[in-house]
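As the structure is a computational prediction, the values presented were derived from the model and not from experiment. Proteins come first, then strands; the chains are lettered A, B, ... in the order of their sequence lines, and each starts at number 1.
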Protein chains: 2
Amino acid sequence: MDLSGRTVGYDELRTLKMLALAGALGGESKVSCSGLAGKLDASTQTASRRLQRLDEEGLVEREIVSDGQWVSITSEGEALLQREYAHYQRIFESQVGVTLTGALTSGMNEGGHYITLPGYMRQFTEKLGYEPFAGTLNVDLDAESVRERARMDALDPTVIEGWEDEERTYGPAYCYPATVEFDAGTYDQAHVIAPERTHHGDDQLEVIAPDKLREQFDADDGDTITIHVHE
Amino acid sequence: MDLSGRTVGYDELRTLKMLALAGALGGESKVSCSGLAGKLDASTQTASRRLQRLDEEGLVEREIVSDGQWVSITSEGEALLQREYAHYQRIFESQVGVTLTGALTSGMNEGGHYITLPGYMRQFTEKLGYEPFAGTLNVDLDAESVRERARMDALDPTVIEGWEDEERTYGPAYCYPATVEFDAGTYDQAHVIAPERTHHGDDQLEVIAPDKLREQFDADDGDTITIHVHE
DNA sequence: ATTACTAAGCACCGAGTAA
DNA sequence: TTTACTCGGTGCTTAGTAA
């Protein structure tokens with residue numbers, strides 16, 4: 001299973017979790033290798049190495065001072081912890097699924113172009129059971145939802161394979177079944193579609209559906225909509 | 001940091017988590033080494049070995065059949081996952097603390113004897129700021145609370161050191177600040193006291209306080225009481 | 001197809017050391 | 001005190017094989 005693609009061992013994640021518990025998530029936290037080594041039940045060398053590695057991977061930022069170091073977890077590191085948390089939530093909480101809210105936007109609508117390409121379209125028909133309307137519904141997620149979104153990683157998506165033509169390659173995408181709530185009503189045969197690797201902090205969400213939702217629900221830019229991503 | 005004392009590597013925990021996600025928590029789940037290997041991004045041999053190890057540690061139970069194996073996570077394994085979950089909750093949830101409910105009981109009241117020993121009493125005065133009443137309030141936790149209790153591990157307790165006299169040694173104990181709710185009212189200067197290593201499935205909880213709570217709140221055996229363990 | 005053993009390779013760990 | 005380097009030893013991983 002991916003830990004965000006990189007070569008991050010699970011022991012590193014454990015170290016990252018320790019740092020988060022030590023308060024390195026909100027902002028900087030003063031850490032010493034010997035102190036960390038104690039918590040990890042390992043040598044100071046190992047603690048030092050783990051911190052270096054986390055640094056190299058971009059999961060933490062450090063400022064080394066004479067009597068220790070100031071460590072803060074980056075947004076990438078936070079995303080990793082969120083993903084792990086989402087797994088445990090999925091294990092222990094009966095309430096699965098993620099509810100996101102945001103404002104409808106036209107955005108750049110790049111997605112709308114891509115999904116019509118035959119390499120993708122064929123797979124939608126096959127794997128989702130419908131041919132999506134040739135455009136995506138774009139949502140500007142609110143801050144809370146941008147964070148919540150990480151929990152989608154705990155669900156298992158329908159994987160749309162990447163492919164290539166003569167000119168370029170097209171990356172894989174993940175589809176999550178979703179229900180969309182508009183002011184005018186609810187639509188429940190939609191899917192959230194996301195590139196294989198969602199950048200943390202991305203506040204754009206794209207939805208596909210067999211129908212032109214914007215028209216069907218008479219929705220305009222700025223309307224607040226709620227997306228319930230289910231399992 | 002302890003993973004329940006035993007030599008359980010973090011990689012094993014990761015495997016256990018995967019099994020839980022595969023449904024091995026509620027009951028048995030059919031697993032094959034190759035499938036598990038895929039999820040773990042490791043070889044089938046490693047998957048096999050991890051399962052063996054989890055079995056040896058008593059964290060899972062297995063029944064090997066011709067085309068795979070049926071795996072179920074033991075209560076000990078579940079406790080381990082709960083502890084890990086509690087850590088993440090502590091990281092991400094502002095609402096920390098654990099609320100437990102149960103029935104008042106006289107029990108054997110072993111604790112009541114121990115706490116009066118000078119080796120402990122001295123530390124209570126010093127570290128908790130009061131001299132506890134010479135008896136513990138014993139609570140029979142309900143099933144839900146027995147599970148919830150694992151989350152206390154994510155809080156950091158006041159540690160009462162172990163000691164010894166000529167005859168025997170006395171183990172260390174953990175104290176967690178707590179508020180106790182009786183029918184007759186609420187008391188908020190209490191502590192839950194637990195031996196260093198709580199046995200999973202233990203449904204007994206012991207509370208100490210400067211006053212004789214049973215008398216002060218006119219409580220009898222069988223009364224339902226709520227204990228809120230805070231940070 | 002399974003699970004799991006053995007053996008070779010390699011990555012990780014920690015002692016010692018430097019700055 | 002720190003952090004982090006080098007360097008042996010250990011133990012985990014994987015390929016191959018057996019059942």
Roughly, in whole Å, what's the span from [atom1] in [X] to [atom2] in [N]?
X	N	atom1	atom2	result
A:Leu36	C:dG14	CG	C1'	15 Å
A:Arg14	C:dC12	CZ	C1'	15 Å
A:Leu40	C:dC13	CG	P	10 Å
B:Trp70	C:dT3	CH2	C1'	17 Å
A:Gln69	D:dT2	CD	P	11 Å
A:Lys30	D:dT2	NZ	C1'	10 Å
B:Tyr10	C:dA11	OH	P	23 Å
A:Leu54	D:dT3	CG	P	14 Å

Option from B:Tyr130, B:Phe124, B:Phe133, B:Tyr174 for which ring pair (Phe, Tyr, Trp, His ring centres under 6.0 Å) with B:His191 holds: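 Only match with B:His191 under ring pair (Phe, Tyr, Trp, His ring centres under 6.0 Å): B:Tyr130.
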
Check for me whether B:Arg168 meets the cation-pi criterion with B:Tyr170, that is, NZ or CZ under 6.0 Å from the six-membered ring centre and within 45 degrees of the ring axis.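 The answer is yes, since B:Arg168 meets both limits relative to B:Tyr170.
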
Does OP1 or OP2 of C:dT2 have a side-chain N or O of B:Ser34 closer than 4.0 Å? yes

Does the plane of the ring in B:Tyr88 sit parallel, tilted or perpendicular to the ring in A:Tyr88? Use 30° and 60° as the thresholds.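 Answer is parallel, since the angle falls under 30°.
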
Taking it one step at a time, do B:Thr136 and B:Glu206 satisfy side-chain hydrogen bond (donor to acceptor under 3.5 Å, both in side chains)? CA-CA 6 Å; B:Thr136 60; B:Glu206 296 192 81; 2.8 Å; yes

Quick tally for nucleotides 5-19 of chain D: nucleotides whose base has a protein heavy atom under 4.0 Å get B, sugar-phosphate-only ones S, the rest -, giving B------SBBBB---

What residues form a side-chain hydrogen bond (donor to acceptor under 3.5 Å, both in side chains) with [X], not counting sequence neighbours?
X	result
B:Gln45	B:Ser43
B:Ser29	none
A:Asp211	A:Tyr187

Does A:Asp55 have any salt bridge (Lys or Arg N to Asp or Glu O under 4.0 Å) partners at least two apart in sequence or in another chain, and if so, which?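 A:Asp55 satisfies salt bridge (Lys or Arg N to Asp or Glu O under 4.0 Å) with A:Arg62 once adjacent residues are dropped.
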
Axis bend over the full length of the helix from C:dT2-D:dA19 to C:dA19-D:dT2, computed from five pairs that close each end, to 10 degrees: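 Inter-axis angle at the termini of the helix from C:dT2-D:dA19 to C:dA19-D:dT2: 40°.
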
Is there a side-chain contact between B:Leu80 and B:Glu84, using heavy atoms and a 4.5 Å cut-off? no

